[in-house]
Amino acid sequence: QVQLVESGGGLVQAGDSLRLSCAASGRTFSSYALGWFRQAPGKEREFVGGISWGGARTTYSDSVKGRFSISRDNTKSTVYLQMNSLKPEDTAVYYCAAAHNYYAGQKSDEYVLWGQGTQVTVSS
């Protein structure tokens with residue numbers, strides 16, 4: 001069983017960059033598609049982006065496309081979310097999740113494993 005632990009959150013100013021990491025335990029990390037989701041106070045959890053098994057294919061929500069990028073290092077069992085040009089509306093708890101699929105889908109119910117989340121706060 002894979003367990004996920006996010007890190008790298010914090011308080012930044014608008015326009016800054018931040019990189020989140022999600023480290024996985026377990027030996028089957030490379031067989032999961034990985035996604036990043038976020039949830040702001042009073043809002044539903046939303047898909048941010050995802051990456052396929054080997055990292056060849058990524059997908060992003062329109063709200064972060066061009067600013068965020070996802071990568072993974074299967075040798076380190078870690079997935080990253082690089083966030084550039086951050087905006088106050090990016091403030092949320094960010095979660096990584098793993099799915100038993102090749103491609104990373106946008107629906108949260110496709111994901112079987114979740115991390116505990118890391119807070120990102122962007123001040124204006």
Side-chain angles (χ1 to χ4, degrees):
Q1 185 78 339
V2 174
Q3 294 183 324
L4 306 173
V5 179
E6 302 96 335
S7 62
L11 172 63
V12 297
Q13 293 186 335
D16 286 350
S17 297
L18 203 59
R19 188 177 80 159
L20 306 183
S21 300
C22 175
S25 62
R27 293 177 291 178
T28 59
F29 177 79
S30 61
S31 65
Y32 289 85
L34 299 167
W36 284 96
F37 290 77
R38 66 186 182 186
Q39 187 166 20
K43 295 188 177 181
E44 293 186 354
R45 188 173 298 187
E46 66 171 348
F47 176 78
V48 174
I51 189 165
S52 60
W53 271 5
R57 184 162 174 166
T58 55
T59 183
Y60 301 94
S61 68
D62 288 342
S63 62
V64 307
K65 196 174 295 183
R67 299 188 298 123
F68 291 12
S69 64
I70 296 173
S71 60
R72 66 189 293 169
D73 185 341
N74 286 343
T75 65
K76 297 181 178 179
S77 297
T78 302
V79 60
Y80 305 97
L81 178 65
Q82 178 66 43
M83 304 184 294
N84 299 326
S85 302
L86 282 161
K87 304 176 181 180
E89 51 263 44
D90 294 319
T91 295
V93 177
Y94 283 71
Y95 300 88
C96 69
H100 276 302
N101 299 323
Y102 180 79
Y103 295 114
Q106 299 190 16
K107 298 180 179 180
S108 58
D109 59 8
E110 297 179 30
Y111 293 80
V112 296
L113 299 168
W114 292 82
Q116 83 289 349
T118 185
Q119 177 71 47
V120 172
T121 303
V122 184
S123 64
S124 57

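The first residue of the sequence shown is numbered 1, and numbering continues consecutively from there. Values in this document were obtained by computation on a predicted structure and should not be read as measured data.
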Contact summary for A98 and L34, nearest pair of heavy atoms
CB-CD2, 3.7 Å
Say whether, by atom type as modelled, one donor and one acceptor occur between the side chain of T58 and the main chain of I51 under 3.5 angstrom.
no
Just by modelled atom types, is the S52 backbone N or O under 3.5 Å from a matching donor or acceptor in the R57 side chain?
no
Just do the side-chain contact (heavy atoms from CB on, under 4.5 Å) check on M83 and V120 with the steps written out, would you?
CA-CA 10 Å; M83 304 184 294; V120 172; 3.9 Å; yes
Give the C-alpha distance, both sets of side-chain angles, the deciding distance and a yes or no for side-chain contact (heavy atoms from CB on, under 4.5 Å) between T91 and Q119.
CA-CA 8 Å; T91 295; Q119 177 71 47; 4.0 Å; yes
Mark yes or no for whether W36, through its side chain, and Y95, through its backbone, hold a donor-acceptor pair below 3.5 Å.
no
Please report the interatomic distance NE2(H100) to CH2(W53), rounded to the nearest 0.5 Å.
10.0 Å
Starting from Y94, can I reach V122 by hopping between I/L/V/M/F/W/Y residues whose side chains sit under 4.5 Å apart?
yes
Derivation of the side-chain contact (heavy atoms from CB on, under 4.5 Å) call for Q3 and L113:
CA-CA 7 Å; Q3 294 183 324; L113 299 168; over 6 Å; no
Expected output: side-chain S124 to main-chain P88 donor-acceptor under 3.5 Å:
no
Check the pair L81, E6 against side-chain contact (heavy atoms from CB on, under 4.5 Å), reporting the backbone distance first and the verdict last.
CA-CA 10 Å; L81 178 65; E6 302 96 335; over 6 Å; no
So does V12 get a backbone contact from the side chain of S123, meaning a donor-acceptor N/O pair under 3.5 Å?
yes
Is any side-chain N of the basic residue among D62 and K65 closer than 4.0 Å to the acidic one's carboxylate O?
yes
Nearest heavy-atom neighbours spanning A92 and R38
CB-CB, 3.8 Å
Minimum heavy-atom separation for L20 to G9, with atom names?
CD2-N, 3.6 Å
Atom OH of Y111 and atom SG of C96: how far apart are they, to the nearest 0.5 Å?
11.0 Å
CG (D16) and CG (D90) are apart, to the nearest 0.5 Å, by 11.5 Å
Relative to F29, does R72 satisfy both conditions: NZ or CZ under 6.0 angstrom from the six-membered ring centre, and within 45 degrees of the ring's axis?
yes
Measure from NZ or CZ of R45 to the centre of the six-membered ring of F37 and say whether it is under 6.0 Å with the direction within 45° of the ring axis.
no
Test your reading of the model: is there a side-chain donor-acceptor pair from Y60 to the backbone of I70, 3.5 Å cut-off?
yes
